[in-house]
Amino acid sequence: MKTDVAIIGAGPSGLFLANLLHAEGIGVTVIERQSKEHVLSRIRAGVLEVITTDLLDRLGLSERKDQEGLEHGGFYLARDEHLIHIDLKRLTGKCVTVYGQTEVERDLIDLAEKEGVNIVWSASDVALHDVDGAAPSVSFTSDGTEQTLTAKFIAGCDGYHGPSRQAIPAACGAGFERVYPFGWLGILADVAPCNDELIYASHTNGFALASMRSPSRSRYYLQVPLDEDINAWSDDRIWDELAVRLGAEVAANMECGPSIEKSIAPLRSFVFEPMRYGNLFLAGDAAHIVPPTGAKGLNLAASDVTYLSDALIGYFRNGNEAGLKAYSEKALARVWKSERFSWYLTNLMHRFPDSGAFEKRMQDAELDYIASSEAAQKVIAENYIGLPL
Ligand code: APR
Ligand code: PHB
C-alpha cells in the first residue's frame, strides 16, 4: 500500500488532519489501534476555542455544533463560596463553545466516511520504519494480515502512549515534564447543570469543577489523591463532596442523579521537542500533554493540525518545503504558552499535599488580585478563549 501521508491515530488530531488533507486531494490513510466504537465511547473535555470551531466550519461541520454546542461568554473562578466572574465576551469580544470532544470526533468520522477517507480501525502491531529516510513506512496487522504502508510523510497523531514519539532516537529530541501529585475524579450524569457557565472552584478540601455537555447532561470533577480508589466514591459521596467544594449557593441549584460514567485521571504537563524528525511530524498529545484545567488539550491538537495541514498542502501543491521546515518551531511557540496557562491555573486552583500556609496565602492573594483587577481578568480571559494562531 502507498499513500502521501500515513496518519497514525484517529483521535481529534488524526481525524482533523485526515479530513483537511483529503479535501485538498492529498492521499491519506489513518491507522488506529482501537475500534470505531471504542473511539466514540471515550469521554473527554469539551470547551472549544474559536480556532477549533473555525476548523470545524472550514470542513463544513458547522451544523450540529451550531445547533447543539453551547456558546459561553464567561466562566467563574470560585474560592470558598466567593465567585469571580471572568467575562470572556466583554474582556475579549469572544466566546468559547461547549461541545464534547466525543461529538467533535463523531462529526469528523462521519465526514471521513462520507468523503471516502481510508481509516483502518483495530490495527495492531503498528510500527514506524525509516522515518528519516527516503521511503518511510508504517507496518501493522489488520484482520490477521500483516501490511506495510509506504508514504512520503508520517503524521504521528497517536497520543501520549503511541509509537510515533518512541520512533525518534533519544539523541534527537527531549521531553519536558511535570507530574502533579493528584488526579481528577470525573462524573457524567443526565442532570441539568447547576449554573449556565463553568465554575472552577478552589476549596480547602481541594479543587472542583462544574461543567456540562448539554442543558440536560452535566460533567463534574473533584481533585483526589493520585492513589485514590474509584470504588471508594459512591455517587452520593461525590455529590456531597461537590456540594461542599462548590459552596452552598451553587449547591442549592445542583441536581444529583446516577452516574453514567466515573473515572480518575492523573494530571501531567509534558512537551517533546522538536515536533519533527525526518519525515515524521508529531501533532497533539503525541507531542504534548496539558493538565485539563483550562481545557487546552483538544484546542492544542487543533492548532498543531492547522499548522501541519497548511504546511503539507503547501508542499503537495507546489513543492514548497518552507511550511514543513517551520512547523515544529511554530507549533511549539503556541504549545508552550498553552502549557504555561494550564500549569498556572492548575497551581492556582489545587491543594498541593506538600505546600503549606505560605503557598495557601499566595493562592488567596492571587485570587483576591484577580477579583479586583480588570487587567488580571483580561489576562486570564485572553488565554482561556485561546491565543491567536
Ligand atoms: N497505533 C495506532 N493508533 C494508536 C496507537 C498505536 N499504537 N496508540 C494510540 N493510538 C491512537 C489512540 O487509540 C487514539 O485514538 O491514537 C489516538 C490518539 O488520540 P488522542 O489521545 O485523543 O490524541 P489527539 O488526537 O492528539 O487529541 C488530543 O484528545 O486525548 C485528548 O486530552 C487530549 O484533548 C486532547 C486531545
Ligand atoms: C469538561 O467539561 O470535561 C471540562 C471542562 C473544562 C475543563 C476541563 C474539562 O477545564
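What you see below is based on every heavy atom in this structure, not just the backbone, and it leaves out hydrogens, waters and symmetry mates. Ligands are counted one by one from 1 in listed order, and the atoms in each one are counted from 1 as well. Bear in mind that the values here come from a model prediction, so they are computed numbers and not experimental data.
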How does C157 reach ligand 1, if at all, at less than 4.0 Å between non-hydrogen atoms: by side chain, backbone, both, or neither?
backbone

Under-4.0 Å heavy-atom contact with ligand 1, by part of V126 that carries it
side chain

Electrostatic pair [X]-[Y], nearest N-O below 4.0 angstrom:
| X | Y | value |
| --- | --- | --- |
| D368 | R79 | yes |
| R317 | E24 | yes |
| K65 | D57 | yes |

Would you check whether [X] reaches within less than 4.0 Å of ligand 1, judged by its heavy atoms?
| X | result |
| --- | --- |
| A123 | no |
| E105 | no |
| A45 | no |
| H161 | no |

Exactly one candidate in V138, V5, N279, I31 meets side chain to side chain contact (heavy atoms under 4.5 Å, CB included) with I154; the answer is V138

Side chain to side chain contact (heavy atoms under 4.5 Å, CB included) evaluation trace for L298 with E105
CA-CA 11 Å; L298 171 59; E105 292 185 77; over 6 Å; no

Looking at [Y], is [X] sitting on its ring face, NZ or CZ under 6.0 Å from the six-membered ring centre and within 45 degrees of the normal?
| X | Y | answer |
| --- | --- | --- |
| R340 | W343 | no |
| R165 | Y160 | yes |
| K296 | Y384 | yes |

For ligand 1, is there an N or O atom under 3.5 Å from any N or O atom of [X]?
| X | value |
| --- | --- |
| L298 | yes |
| Q34 | no |
| I8 | no |

Identify, for [atom], the protein heavy atom at the shortest distance, and state residue, atom and that distance.
| atom | result |
| --- | --- |
| atom 29 (O) of ligand 1 | Q101 NE2, 2.9 Å |
| atom 23 (O) of ligand 1 | D285 CB, 3.8 Å |
| atom 19 (O) of ligand 1 | G11 CA, 3.4 Å |
| atom 6 (C) of ligand 1 | P163 CD, 3.6 Å |
| atom 20 (P) of ligand 1 | R44 NH1, 4.0 Å |
| atom 27 (O) of ligand 1 | P12 CD, 3.4 Å |
| atom 9 (C) of ligand 1 | D158 O, 3.2 Å |

Winner among A301, G156, P291, S13 once heavy atoms are compared against atom 25 (O) of ligand 1
S13

Quick one: which of R33, R42, E32 has a heavy atom closest to atom 8 (N) of ligand 1?
R33

Contact atoms of ligand 1, heavy-atom distance to I31 under 4.0 Å:
2 (C), 3 (N)

Just which atoms of ligand 1 are under 4.0 Å from any heavy atom in G159?
18 (C), 21 (O)

Could you pull out all residues at least two apart from P388 that satisfy side-chain contact (heavy atoms from CB on, under 4.5 Å)?
none

By salt bridge (charged side-chain N to carboxylate O under 4.0 Å, His left out), K152 pairs with (sequence neighbours left out) none

Those residues at least two apart in sequence (or on a different chain) that pass salt bridge (charged side-chain N to carboxylate O under 4.0 Å, His left out) with K330 are none

Any protein N/O atoms within less than 3.5 Å of an N/O atom in ligand 2? List the atom names and distances, or say none.
residue	atom	partner	partner atom	Å
ligand 2	2 (O)	S211	OG	2.6
ligand 2	2 (O)	R213	NH1	2.8
ligand 2	3 (O)	R213	NH2	2.9
ligand 2	3 (O)	Y221	OH	2.6
ligand 2	10 (O)	Y200	OH	2.7
ligand 2	10 (O)	P292	O	2.9
ligand 2	10 (O)	G294	N	3.1
ligand 2	10 (O)	A295	N	3.2

When you compare the side chains of Y344 and E366, does any donor N or O come within less than 3.5 Å of an acceptor on the partner?
yes

D132 and D130, any side-chain heavy atoms less than 4.5 Å apart:
yes

Please tell me if the side chains of D125 and E146 come closer than 4.5 Å, counting only heavy atoms from C-beta onward.
no

Do H22 side-chain atoms and E115 backbone N/O form a donor-acceptor pair below 3.5 Å?
yes

